[in-house]
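Everything below concerns the one structure shown next.
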Amino acid sequence: MLNLDKSKVDFLVTENMVSEVKNLMESGFPKLDEIINTMVERDIDRIYFVACGSPLCACQTGKMLFDKYSDIPCSAFSGFDFLDHTPFKLDKNTMVIGVSDSGETEEVVNSIRIARKRGALTLGVTRNFTGSKLAAAAENVFGYGGECIWEMHLLVSYYIACKYMNLKGTHKEIDSILEDMKKLPDILAELVISTEEKSKELATRASNWSFIYTVASGPLLPLACKEGIITMLEFTWTHGSVLNAAEFRHGPLEVVAKGVPYVFILGNDESRHTTERTIKFVKKFTEDVIVFDIKDYNSGLHPMLDPLILFVPLEYFYYYLSINKDHNPDDRRYYGGLVEY
Ligand SMILES: O=P(O)(O)OC[C@H]1O[C@](O)(CO)[C@@H](O)[C@@H]1O
């Protein structure tokens, strides 16, 4: 196992997670309220998120809130998809939210430029309020000032979605999400301490696997993509793929066999039974199964908050998976301009 000083590894964001979440809620949310007021003034009737990688997965989860609890149309685009297939409706009543931690991802910045030119209300969500191309391109900017991008991006998209939906017509679930959100800092603080050892053990086991299928459903599917594709491929250099438990019977079923490894992410939402059915099937044929079950961590909050909670044990899991494979998760071969793409 690689001997690293974990406080110096950029990938691992557990150290300041709680203070960043608190700060976002206390100082960031009031700033988002101003943007939400502008959305009301502009009578926004459609929302597009544009992002890439981990931020896109957070936006896809935020979009689910709009779909589930409102009749406000919302889509989450990858930057190049937005540029190549720019949506027809892009006007003063449309809002385009570009999310990029660096604020430099070219396809997100260019999408915001186009949206602004077409008269849409634009918001750039990025780490720093100034100094990036995204901050310069968007009409409105929100700088969250934290490193823990999954929690930051998810909370920002959730807060905008919940508040705006509430102003457009309440749904009792939205209030419960907003209320439970306030409990997150204490719960995360506990998880940052309590989940490390168990995740480390699981990662030791998984480090013998040369590839991993990651399976989830419903609101945990974007988290599965973030972890089972972006994190696992980019940061741990482990081969793998992500599968939707709802689709498992239609294709993936046939490769289940002894020695084929799976990581399941299991939540408390309505699709829990769908993933459980898959787990039950898979366990008949292979012992190489790891389940991250919300019930083992904290199941007291609204299930739409499960992706924020399960992120903590998963973050440790992939950190230790990487160093167990003697790979520093901060190392890159190609990304970030090392090789032209
Ligand atoms: O948030 P940014 O700066 O736009 O960067 C997006 C990048 O972040 C990651 O999600 C993590 O490095 C990458 O997959 C993606 O390329």
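Note that ligands are numbered from 1 as they come in the structure, with each ligand's atoms numbered from 1 the same way. Remember, predicted model here, so these are calculated numbers, not experimental data.
Checked for salt-bridge contact, K168 and D45 miss the test: no charged N lies under 4.0 Å from a carboxylate O. Looking at D180 and K182, no side-chain N of the basic residue comes within less than 4.0 Å of a carboxylate O on the acidic one, giving no salt bridge. Ionic pairing of K200 and E196 is not present here: no N-O contact between side-chain nitrogen and carboxylate oxygen is shorter than 4.0 angstrom.
Between S100 and T126, the side chains place no donor N or O within less than 3.5 Å of an acceptor N or O (distance only, hydrogens not considered).
A distance limit of 4.0 angstrom between heavy atoms and ligand 1 selects the residues C52, G53, S54, P55, S100, D101, S102, T105, I230, E234, F235, Y335.
For the atom pair CD of E173 and OG of S70, the computed distance is 13.0 Å after rounding to the nearest 0.5 Å.
Within the structure, ring-ring contact (aromatic ring centres under 6.0 Å, His included) pairs that include any residue of residues 10-44 comprise F11-F235, F29-Y159 (at least two apart or interchain).
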